[in-house]
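Just below is one structure, and these are the notes that go with it.
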Amino acid sequence: MELVSTSKSHGGVQGVYRHASDVTGTEMTFSAFVPQHEPGERLPVLWYLSGLTCTSANVTEKGEFRAACAKHRIVLIAPDTSPRGDDVPDDEAYDFGQGAGFYVDATREPWARNYRMRSYIERELPGVAAMGLPVDMTAQGITGHSMGGHGALTIALRNPDRFRSVSAFSPIVSPMNCPWGEKALTGYLGPDRADWRQYDACALIDDGARVKELLVDQGDADGFLKEQLKPELLEAACARAGIPLTLRMQPGYDHSYYFISTFMADHIAWHAERLRG
């Protein structure tokens, strides 16, 4: 794990790190905020997954999470959204290719060689973080925005014993039922919709996956709300499964980091209660 940069903030350290990934076959970059702590102490960790077109820098620079993380003494780790590099396949559209990995393990060429963000987030990056950062891997939560909200929900549903808490901002709750998801899942996995279900939160719930509870914030002025996000589908799936869902429709808020940063401290406090419970 190579240190790219560090800056002191709220008594802790905001770092950017780089490492060679065996999973993606590329160098990967992630950011991590580590609050002030005693030598040898390990802190709960909250994973933040970003949305389309983003890198780890978006939430690091705009998320306004450090004061809350310092208060609750939680490490926040933000990975990139895809593999990157001149030799990595890409697409000219913003919603596919680099910056749009959709947290899947691609099976179609030319994507399958590098686009393995599911394995990277679920398996490789936690090992890298555990070796290089003071994180308590028995106390993990996960959250994310938009495409990253989709990632947070599906990763938590597939790994319920790993995460004590899961939340999301404006998540793509059912990629099988929206243009963004249909394009990405077809491109990365092929046309067989049965292969898509492991990457759709609503389908996973209908197929028996469970988490203890969910917190979702969604702006009601979000331009992607009706066509792409469809929180009512998650609400219905959770109702059928008996999963407690707190869905907060926030009046006047859009899809941007102005929205995310407004409610970020709420989410961190919510995770802190469960991570230390």
Side-chain angles (χ1 to χ4, degrees), residues 30-31 33 45-69 72 74 76-81 95 99-103 117 121 140-157 163 165-175 178 180-181 199-202 211 213-235 237-238 243-275:
F30 67 93
S31 73
F33 174 71
V45 57
L46 178 61
W47 303 91
Y48 178 93
L49 306 184
S50 296
L52 287 168
T53 76
C54 291
T55 70
S56 60
N58 294 74
V59 68
T60 305
E61 296 170 1
K62 302 176 184 177
E64 299 182 21
F65 57 85
R66 279 171 287 270
C69 284
H72 296 287
I74 290 175
L76 189 142
I77 300 178
D80 204 345
T81 54
D95 55 357
F102 262 83
Y103 303 100
M117 291 302 294
I121 300 296
Q140 298 184 64
I142 190 166
T143 188
H145 170 236
S146 194
M147 179 186 72
H150 139 75
L153 294 175
T154 56
I155 288 170
L157 285 162
F163 297 100
S165 55
V166 55
S167 72
F169 300 90
S170 311
I172 303 171
V173 304
S174 185
C178 74
W180 278 340
Y199 297 113
D200 183 296
C202 295
V211 291
E213 58 183 323
L214 294 171
L215 170 64
V216 173
D217 270 308
Q218 171 66 62
D220 72 1
D222 189 322
F224 302 113
L225 178 59
K226 292 183 179 180
E227 183 180 27
Q228 304 282 10
L229 306 178
K230 304 182 179 182
E232 68 276 5
L233 298 181
L234 180 65
E235 191 171 32
C238 287
I243 297 175
L245 166 67
T246 301
L247 173 59
R248 307 193 304 188
M249 298 300 298
Q250 302 292 359
Y253 284 92
D254 59 16
H255 200 67
S256 71
Y257 269 91
Y258 296 112
F259 158 66
I260 299 166
S261 63
T262 301
F263 301 101
M264 181 67 85
D266 287 356
H267 280 241
I268 290 170
W270 185 86
H271 284 275
E273 182 177 353
R274 286 147 183 82
L275 292 174

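No donor-acceptor pair closer than 3.5 Å links the side chain of Gln250 to the backbone N or O of Asp217. Checked by atom type and distance alone, the side chain of Thr143 pairs as donor or acceptor with a backbone atom of Ser167 at under 3.5 Å. Listed for the His150 side chain is a donor-acceptor partner under 3.5 Å among the backbone atoms of Phe102. Of the possible polar contacts, none joining the Asp254 side chain to the Asp222 backbone as a donor-acceptor pair under 3.5 Å is found. Under the 3.5 Å distance criterion, the side-chain polar atoms of Thr81 are matched with a main-chain donor or acceptor of Cys54.
By the 4.5 Å heavy-atom criterion applied to side chains, Leu234 and Ser174 are not counted as neighbours. You'll find the side chain of His267 stays beyond 4.5 Å of the side chain of Val216, heavy atoms only.
Checking Asp80 against Thr55 by side-chain atom types alone, no donor-acceptor pair falls below 3.5 Å.
Under the ring pair (Phe, Tyr, Trp, His ring centres under 6.0 Å) criterion, Tyr257 pairs with His145, sequence neighbours left out. Contacts of Tyr48 classified as ring pair (Phe, Tyr, Trp, His ring centres under 6.0 Å), with partners at least two apart in sequence or in another chain: none. The side chain to side chain donor-acceptor pair (under 3.5 Å) search around Glu235 returns none, not counting sequence neighbours.
Using cut-offs of 30° and 60° for the angle between ring planes, the Phe259 and Tyr253 rings count as tilted.
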